[in-house]
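Everything on this sheet refers to the single structure shown next.
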Amino acid sequence: MEGRGIVAICQYGGEFVTNSDGSLSYSGGEAHALEVGHDILFDDLKSELTSMFNVDVSGMSIKYFLPSNKRTLITISSDKDLQRMVDFTSNALTTEVYIINKVDNRITRSTVADSGISNIGTAENARSGRRRRLNSTNRVTRARVSAVDSDTPNAITNVAGDNVYNFQEKRLFVTENDDNRMISDGFVMPITASSAAPDNARQRIITADNIDERASGSILVDPSTPLFASLVTPDDVVPVISNSSWASIITGVGQEFDNVKDFRSQLCKYAIGRGFIYKFVKNDTTRVTVTCNEETCPWRIHASETSGKQKFVIKKMNNVHTCGGGNGKDGQRKATRQWLTSIIKEKLHVSPQCKPKELAREIYEDFGVALSYSQVWRGREVAQKELYDSMKETYSQLPWFVEKILETNPGSVALLSTSVDSKFRRFFVSFHASLHGFEHGCRPLLFLDKIPLKVTNQFKLLVAASVDGNDAVFPVAFAVVEDENYDSWLWFLMQLKYAVTATRTITFVSNRQKGLDGAVPQAFVDSHHSYSLHHLIEDFKNELRKGPWSSQVKDAMISDFTRAAQACTMEEFNASVESIRKFSAEAAEWVMASKPENWSDAIFKGSRYDHFSTNIVDSLSNWIPAKKEPSVVQMIDAIRDKLAEVMEERRGSCNAWVGTLTPAMEQKLQTEMSKARKLNVLCSSDTVFEVRGNTISVVNIGSWECTCRRWQISGLPCVHAIAVFNRINRSADDYCSRYFRIEFYQSAYSALIHLIPDVGSIDFYSGVSSYPPARRPPGRPRRKRFNHNKTSTVVRLCSRCKAAGHNKATCEAFL
């Protein structure tokens, strides 16, 4: 075989599909042929592939199948692996080579078997140059998925694909009836219960069998525990902890946090990433002031609650270090108990039997934080308890809860997504009453934001909310995710896309942070995305702090910036920008570079109906009692209970309304009517009128348009249109947007949210234990010899009354 080469058919851009016999097949993408011999090097192969497909393959995996084995992919990661491929496939003369995207900074566990061992480099602060030891327990585990259905077998396909965002996950695709919904493009499919046919809404069940739990070192699903195919989706990605991004986790003045605990947690990561020790000057629930531990260092940060007590905001920050710290290399590091617990929890997911000494060594190698044995031991105890509580909920409560949501509220969408080691990742829910109300009574306008939690930082609560005809917040969907980032927002929006099933073009309003700027157009291609004015003003204030202007000049430029956002015409927008330019050309350039087409009414193509910020969803944080935040089930049920209460209250109040418009819209219209009396109206035709005041505007009542553009933007007739209606004796109510009418408001709250029984009282753990099987300890199990024929001769007496049958604590004898 020496010197004999093969022809490699290189393929990229397609996806793997699991066939009925368990084998994998590849479809889609493009293919090129390449001759590979024993003399070719791995780097040369990557260069050839880069030129072939015009992509950078340095961050991708190169894999192939062995002859007669289409179930397991083999990785090529070195010259020796490449030579083995040539030897193994030389008799076939040709072989197929696949270029697959990797997940950034993650170890992927799947049916893909690596031919070599990956060495994970240590973090930047591990100056000893040692590499982190990879535990021998971290071997590959294969999960078998089987479908069970009393009526129709499901067609389940495992798809391993990649997209342009280098986002790779293993998903389950289930074929359902017409009443249910499917998600394509490699995303999880939410299953809905049909409201029209409840009998056909039985959920399909799958069981994930652990083939080799001892080799995996992970906590996997018990084969006897049924999971819902529409609810639980294994995710093969196990994150690798890194502090590479922690050095920029604190951005500066104006940065918002959920609560004081979240601020302290992020500050600890920032100090570890920067490599310095800090001390607290003030530290309570409403304000925190921190300085560098070195007395002569000027570094200082101060944060406090906002006026509405909804979020924690950095108010002042001096980001200059003179102590040698703050550069990520020099200086010392100090950890908090919360930070240590979170890091140990991640490591215990990978290796549940990891000992405190090993944890202390790995934490020092990864983060440069020196910890004692007792500190790590105590942190490990807390982490194990939190893991146990989380596992209990993920294994028993959440699947049961999702099933009850679909059972009690037909037409709702609920989805639970977990990782391959059953670590909780994401939970999505949208009740049928919310979906029905948004479709039939609300404007096509959605606000995307994170609801700040008061006491827990273990997960984040995302929300998509609209506004009803009376300008009150109308929640549509919620998601509990492990962190707020691009992946979690994209996952949430994909579930939302197939939940709303709206034929209307939706306008989104968000703060554009944490990946939202890219996730919204990725999930909703034809939608309009508006940036929150509140967050833009905060960014503009931070930019102005860099200049030498006085507070009066800064306030004037901020007012001009607000007018530019609310401008209805290009003339008004340009005038506001030029007013800023008179004070500072740099500030004006910053305004023009901040994408005004996403925040100025003069350029924005969507319909915001005079809603410029996401602050409308801040009130939802009061819906969740602090004591229910640690549990996902109790938190979502509290939201359901409050949502049902609010909808019932609004449903009853609107029955007493009279007229055509809702009270809030009627008040706005009356305000405009008081201004219209001073305008002069000239008739040009039956539908076109000229209105003269300080300016001249042309109103077309046939197309509901005015040259001032206020009518088109707000949905309510502008002052010029109202002047026309007064002239021709017509009612302005007939020319308002239909979403402002009372009948649409009543449609928004016509559906009911039903109670989910036994959420607080049911015993999830009666009978068999639902705690996942732990990894068997190494070595032969110790024998326990008992003589069943031997009776116990030890008689234990009460130390108080000397009688048998009880102890001192339960003694009731009178002495």
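Residue numbers start at 1 and run along the sequence shown.
In plain terms, the two heavy atoms of M635 and E629 that are nearest each other are SD-O, 4.2 Å. Closest approach of L544 to I558, counting heavy atoms only: CD1-CG1, 3.9 Å. Between V473 and A465, the closest heavy-atom pair is CG2-CB, 3.9 Å. Residues R640 and H754 approach most closely at NH1-O, 3.4 Å, considering heavy atoms. What you find for G252 and M317 is that their closest heavy atoms are CA-SD, 3.8 Å. The shortest non-hydrogen separation linking S434 to L643 is OG-CD2, 3.4 Å.
Because its NZ or CZ atom is both nearer than 6.0 Å to the ring centre of Y531 and within 45° of the ring axis, R512 counts as a cation-pi partner of that residue. Relative to the six-membered ring of F459, R426 misses at least one condition, a distance below 6.0 Å or an angle of at most 45° to the axis. Stacking of R608 on the aromatic ring of F604 is recorded, both the 6.0 Å distance cut-off and the 45° axial limit being met.
Side-chain contact between V481 and L462 is present, with heavy atoms from C-beta onward closer than 4.5 Å. By the 4.5 Å heavy-atom criterion applied to side chains, N470 and R650 are not counted as neighbours. With a 4.5 Å cut-off on side-chain heavy atoms, W489 and V520 do not count as touching. Contact of the V509 side chain with the H611 side chain is not registered, since no non-hydrogen atoms from C-beta on lie closer than 4.5 Å. S697 has its side chain within reach of T695: a pair of non-hydrogen atoms, C-beta onward, lies under 4.5 Å apart. The closest side-chain heavy-atom distance from K315 to V253 is not below 4.5 Å. Side-chain contact between L435 and V476: present, with at least one pair of heavy atoms (C-beta onward) separated by less than 4.5 Å. Counting heavy atoms from C-beta on, the side chains of C736 and L669 come closer than 4.5 Å.
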For this session: List the steps, then state whether salt bridge (Lys or Arg N to Asp or Glu O under 4.0 Å) holds for K595 with D517.
Result: CA-CA 11 Å; K595 300 181 180 179; D517 195 12; 3.7 Å; yes
For this session: Report the C-alpha separation of R692 and E690 in whole Å, then their side-chain angles, then the decisive distance to 0.1 Å, and conclude whether the salt bridge (Lys or Arg N to Asp or Glu O under 4.0 Å) test is met.
Result: CA-CA 7 Å; R692 295 185 177 184; E690 185 177 293; 2.6 Å; yes
For this session: Quick one: do H534 and T614 satisfy side-chain hydrogen bond (donor to acceptor under 3.5 Å, both in side chains)? Show the steps, please.
Result: CA-CA 8 Å; H534 169 74; T614 59; over 6 Å; no
Problem set entry | Pair Y735-R730, side-chain hydrogen bond (donor to acceptor under 3.5 Å, both in side chains): steps then yes or no | CA-CA 9 Å; Y735 292 88; R730 293 190 184 182; 2.7 Å; yes
For this session: Go through the steps to decide whether K546 and E586 satisfy the test salt bridge (Lys or Arg N to Asp or Glu O under 4.0 Å), and finish with yes or no.
Result: CA-CA 11 Å; K546 302 176 183 178; E586 292 79 5; over 6 Å; no
For this session: Give the C-alpha distance, both sets of side-chain angles, the deciding distance and a yes or no for ring pair (Phe, Tyr, Trp, His ring centres under 6.0 Å) between F428 and F478.
Result: CA-CA 6 Å; F428 175 89; F478 298 89; 9.5 Å; no
For this session: Could you give me the CA-CA distance, side-chain angles and deciding distance for E484 and K450, then say whether salt bridge (Lys or Arg N to Asp or Glu O under 4.0 Å) is met?
Result: CA-CA 8 Å; E484 185 189 10; K450 175 186 67 174; 3.3 Å; yes
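Other residues, nucleotides and ligands contribute over 12 non-hydrogen atoms within 6.0 Å of the CD atom of Q670. For NZ of K514, the number of neighbouring non-hydrogen atoms (other residues, nucleotides, ligands) closer than 6.0 Å is 12 at most. Other residues, nucleotides and ligands contribute only 12 or fewer heavy atoms inside 6.0 Å of the CG atom of D686. Heavy-atom neighbours of D734 CG from other residues, nucleotides or ligands within 6.0 Å: above the threshold of 12.
Distance check: I753 CD1 to K642 NZ gives 12.5 Å after rounding to the nearest 0.5 Å. To the nearest 0.5 Å, atoms CD1 (I722) and CD (E672) are separated by 5.5 Å. One finds the OH atom of Y745 at 8.0 Å from the OG1 atom of T662 (value rounded to the nearest 0.5 Å). Atom-to-atom distance recorded for S594:OG and E589:CD is 11.0 Å, nearest 0.5 angstrom. Distance CG/L620 to CD1/I639: 8.0 Å, rounded to 0.5 Å. Note: R287 CZ to H302 NE2 = 7.5 Å, rounded to the nearest 0.5 Å.
Taking the six-membered ring where the residue is Trp, the centroids of F263 and F257 are separated by under 6.0 Å. The six-membered or imidazole ring of F508 lies away from that of F447, with a centre-to-centre distance of 6.0 Å or more. Aromatic ring centroids of W590 and F540 lie under 6.0 Å apart. Side-chain rings of F744 and F740 stay apart, their centers remaining 6.0 Å or farther from each other.
Of the possible donor and acceptor atoms, one in the side chain of N574 sits under 3.5 Å from a partner among the backbone N and O of M570. Between the Q667 side chain and the P663 main chain, no donor and acceptor come within less than 3.5 Å of each other. The closest donor-acceptor contact from the side chain of S621 to the backbone of D618 lies under 3.5 Å.
Aromatic ring orientation, F561 versus W599: tilted (interplanar angle from 30° to 60°). Between H432 and H436, the two ring planes are tilted [angle within 30° to 60°].
A side-chain donor-acceptor contact under 3.5 Å links S510 and H529. If you check the side chains of D560 and S579, you find a donor sitting under 3.5 Å from an acceptor. Side-chain atoms of T286 and D284 include a donor-acceptor pair closer than 3.5 Å. Side-chain atoms of Q266 and D262 include a donor-acceptor pair closer than 3.5 Å.
Applying salt bridge (charged side-chain N to carboxylate O under 4.0 Å, His left out) to R443 and the options D468, D610, D471 leaves one that passes, D471. Across N485, D449, L448, a single residue satisfies side-chain contact (heavy atoms from CB on, under 4.5 Å) together with L516, and that is L448.
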